[in-house]
Amino acid sequence: MLRVAFASTDRSTINQHFGAAEGFVIYALDAERAQLQEVIEFPPETMDGNENKLPAKIQSLSGCHAVYCLAAGASAVRQLLAAGVQPIRLDDEEAIDPILGQLRSALGDGGIPWV
């Protein structure tokens with residue numbers, strides 16, 4: 001099973017910067033199905049460059065293979081990669097369900113390059 005997190009305020013759209021994320025929605029998926037595993041919430045944060053908030057967020061993604069977000073600073077990217085979590089940065093907000101479908105299809109077709 002692949003575990004993937006999405007930075008989201010509404011549990012249906014990827015709409016948060018990693019460092020200021022108010023929540024992560026975590027799914028476990030394989031080629032057949034995607035199942036919601038966990039919703040993690042944080043107090044609202046500003047994008048102020050304060051890196052003290054990163055360890056708790058990275059720790060909350062333990063066991064995840066990737067995290068989708070709108071942006072992530074260089075330090076966050078380094079720390080995520082060191083923790084074994086691939087950051088996937090999107091240019092615009094996107095719905096989570098279609099991305100889950102794309103990931104399931106890719107798993108069924110032989111894999112995902114970043115796994």
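Keep in mind that the numbers below use all heavy atoms, side chains included, and drop hydrogens, waters and symmetry copies. Every value quoted in this text rests on a predicted model; they were computed, and no experiment measured them.
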Side chain to side chain contact (heavy atoms under 4.5 Å, CB included), that's the test. Do Gln79 and Leu81 meet it? Break it down for me.
CA-CA 5 Å; Gln79 291 178 57; Leu81 291 172; over 6 Å; no
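- Considering CD of Gln16 and SG of Cys69, their distance stands at 10.0 Å, rounded to 0.5 Å.
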Test Val4 against Leu103 for side chain to side chain contact (heavy atoms under 4.5 Å, CB included), laying out the working first.
CA-CA 10 Å; Val4 180; Leu103 290 170; 4.2 Å; yes
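- Using modelled atom types, one side-chain atom of His65 and one backbone atom of Arg3 make a donor-acceptor pair closer than 3.5 Å.
- Applying the ring pair (Phe, Tyr, Trp, His ring centres under 6.0 Å) test to every pair with at least one member in residues 67-95, sequence neighbours left out, gives these pairs: Phe6-Tyr68.
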Could you pull out every donor-acceptor pair under 3.5 Å between side chains of residues 23-43 and any protein atom, sequence neighbours left out?
from	atom 1	to	atom 2	distance (Å)
Asp30	OD1	Glu32	N	2.9
Asp30	OD1	Arg33	N	2.9
Arg33	NH1	Gln35	OE1	3.1
Glu41	OE2	Arg11	NH2	3.2

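- A continuous path of Ile, Leu, Val, Met, Phe, Trp and Tyr side chains, each step under 4.5 Å between heavy atoms, connects Ile88 with Ile14, placing both in one hydrophobic cluster.
- The two atoms that bring Gly19 and Leu54 nearest to each other are CA-CD2, 4.1 Å, heavy atoms only.
- Inter-residue side-chain proximity for Leu70 and Arg89 is flagged as unmet; no heavy-atom pair is nearer than 4.5 Å.
- Counting heavy atoms from C-beta outward, Val67 and Leu80 have side chains that approach closer than 4.5 Å.
- One distance of note links CD1 of Ile112 with CD of Gln86; it measures 11.0 Å at 0.5 Å rounding.
- Nearest heavy atoms, Pro87 versus Val85: CD-O, 3.2 Å.
- With rounding to the nearest 0.5 angstrom, the CD atom of Glu93 is 10.0 Å from the OG atom of Ser12.
- Here salt bridge (Lys or Arg N to Asp or Glu O under 4.0 Å) pairs that include residues 58-67, with residues two or more places apart or in two chains, number zero.
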Before you tell me yes or no, could you show the steps for Thr13 and Asn15 under side chain to side chain donor-acceptor pair (under 3.5 Å), namely the whole-Å CA-CA distance, both residues' side-chain angles and the distance that decides it to 0.1 Å?
CA-CA 6 Å; Thr13 308; Asn15 60 4; 5.2 Å; no
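- Smallest separation of non-hydrogen atoms from Ile58 and Ala76: CD1-O, 4.5 Å.
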